[in-house]
Structure formats: structure tokens, C-alpha cells
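A quick write-up on the structure given underneath.
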Amino acid sequence: MKKNIFVMAALTALFLTSCAKEKHTETVSAPDTATAVDTATAPTEKPSAAAGTDEIVKSTAKDKSGKTLEMSFNNTKNTATVVFEGETIDLKDQRPASGIWYKNDHYELRGKGEQVELTKDGKVVFSN
């Protein structure tokens, strides 16, 4: 009889602890701010541009001939700005399987890891 009471008490305790909802928080950072987000109740969207918290990532790549490609990625607005041979090019984010893919009417920027390729009208103009 004592054994049955102990088993029932253990199962009840296990049941009550397994039903407790856990809350996880993560930090989403912007250039000058950090905000805690409750992932159990908050949507998984990035901070809005109206709040002034654009997430900007900058990168530079060089090819074998010494040409430089300067890239600035706005992860909040899903855009990229590329400076190549003195020309500033604005591109919109596409949905790649992996890596990056941005394009506009004439240019396309693709890459994965350290490899980046810029094409103009289907012709490769930069590759590192």
C-alpha cells in the first residue's frame, strides 16, 4: 500500500512539473540599443524600420586583380547597397536556399561564406 501511494505521489509530481510553461528570452541588438524579446509570446519578426533600429552589416571583398566590392546589408529592410568601381547599386533580397541573393533589374549579387559574385545583365563583373 505504501508503495502505491509513493508511486502515485511521484507520478503526480512529475505530471505537475512537466506542465509548467517555460519562457525563453533572447536579445535582439541594433547599433545603439538592445531589447529583450519574449520568444514564447512575441512574433519572430525583426525590429521595424520605423523604430529606428535598422540592423546594418558591412563587408568588403577583393578579387584577384585587386578590385574592391563594398557591401552594406540592411537586414531590417532586406536590402543591400553595393559600391563597385565608383557605382552605388541598390539591391533587394531574394529567397536563396542558402547564402545570400540580392538583385535589381540589372545586377545580381550571390554568395555563400567568403565567396561573392556580382553579375550585370547576366555577365560576371566581380568574383572573389
Side-chain angles (χ1 to χ4, degrees):
M1 182 71 177
K2 288 182 182 182
K3 187 175 182 181
N4 289 340
I5 293 173
F6 177 73
V7 170
M8 291 300 287
L11 288 174
T12 303
L14 181 62
F15 175 73
L16 292 174
T17 58
S18 67
C19 291
K21 182 178 179 182
E22 294 183 31
K23 283 192 171 187
H24 300 281
T25 59
E26 66 183 47
T27 302
V28 178
S29 61
D32 297 327
T33 62
T35 309
V37 177
D38 182 3
T39 59
T41 58
T44 58
E45 295 177 15
K46 296 177 182 172
S48 68
T53 58
D54 287 358
E55 182 185 347
I56 308 287
V57 178
K58 294 185 179 189
S59 181
T60 302
K62 287 190 178 189
D63 68 0
K64 292 179 183 178
S65 66
K67 292 180 182 178
T68 302
L69 182 69
E70 295 177 21
M71 300 166 284
S72 177
F73 302 96
N74 185 327
N75 291 329
T76 306
K77 296 178 182 175
N78 296 324
T79 61
T81 302
V82 175
V83 178
F84 180 65
E85 294 184 335
E87 184 178 0
T88 301
I89 307 158
D90 292 318
L91 305 167
K92 291 216 171 238
D93 184 31
Q94 306 300 306
R95 300 259 181 217
S98 65
I100 63 167
W101 181 20
Y102 293 85
K103 72 177 193 173
N104 66 14
D105 293 339
H106 298 284
Y107 287 93
E108 189 169 349
L109 177 68
R110 288 183 177 252
K112 185 170 182 178
E114 296 294 320
Q115 299 297 319
V116 179
E117 184 176 88
L118 180 69
T119 59
K120 180 178 182 180
D121 298 323
K123 188 175 180 183
V124 176
V125 293
F126 179 89
S127 182
N128 67 339

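All figures in this text were calculated on a predicted structure; none of them were measured in a lab.
By the 30° and 60° cut-offs, the orientation of the rings of Phe126 relative to Phe84 is perpendicular.
In terms of the side chain to side chain donor-acceptor pair (under 3.5 Å) criterion, residue partners of Asp63 (sequence neighbours excluded) are, by chain and number, Ser65. Judged as a side-chain contact (heavy atoms from CB on, under 4.5 Å), and not counting sequence neighbours, the contacts of Glu70 are Thr60, Thr68, Val83. In this view, Glu108 and Arg110 satisfy the salt bridge (Lys or Arg N to Asp or Glu O under 4.0 Å) rule, not counting sequence neighbours. Evaluation of the side-chain contact (heavy atoms from CB on, under 4.5 Å) rule for Asn104 yields Ile89, Leu91, His106, Tyr107 as partners, not counting sequence neighbours. Taking Lys67 as the reference, Glu85 meet the salt bridge (Lys or Arg N to Asp or Glu O under 4.0 Å) condition, with sequence neighbours excluded.
Judged by distance alone, with hydrogens and angles left aside, the side-chain atoms of Glu55 form no donor-acceptor pair with the main-chain N or O of Thr53 at under 3.5 Å. Under a 3.5 Å cut-off, the side chain of Asn128 and the backbone N or O of Val116 do form a donor-acceptor pair.
Among Thr79, Asp54, Asp93, Asp90, the single residue meeting the side chain to side chain donor-acceptor pair (under 3.5 Å) criterion with Asn74 is Asp54.
Taking NZ of Lys58 as the start and OG1 of Thr81 as the end, the distance is 9.5 Å to the nearest 0.5 Å. From Ser127, atom OG reaches atom NZ of Lys64 across 8.5 Å, with rounding to the nearest 0.5 Å.
Clustering ILVMFWY residues whenever any of their side-chain heavy atoms sit less than 4.5 angstrom apart, transitively, puts Tyr102 in the very cluster that holds Val125.
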Do Ile100 and Phe73 pass the side-chain contact (heavy atoms from CB on, under 4.5 Å) test, and can you show the C-alpha distance, the side-chain angles, and the key distance before you say yes or no? CA-CA 10 Å; Ile100 63 167; Phe73 302 96; 4.0 Å; yes
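For residues 113-128, no pair satisfies salt bridge (charged side-chain N to carboxylate O under 4.0 Å, His left out), with sequence neighbours left out.
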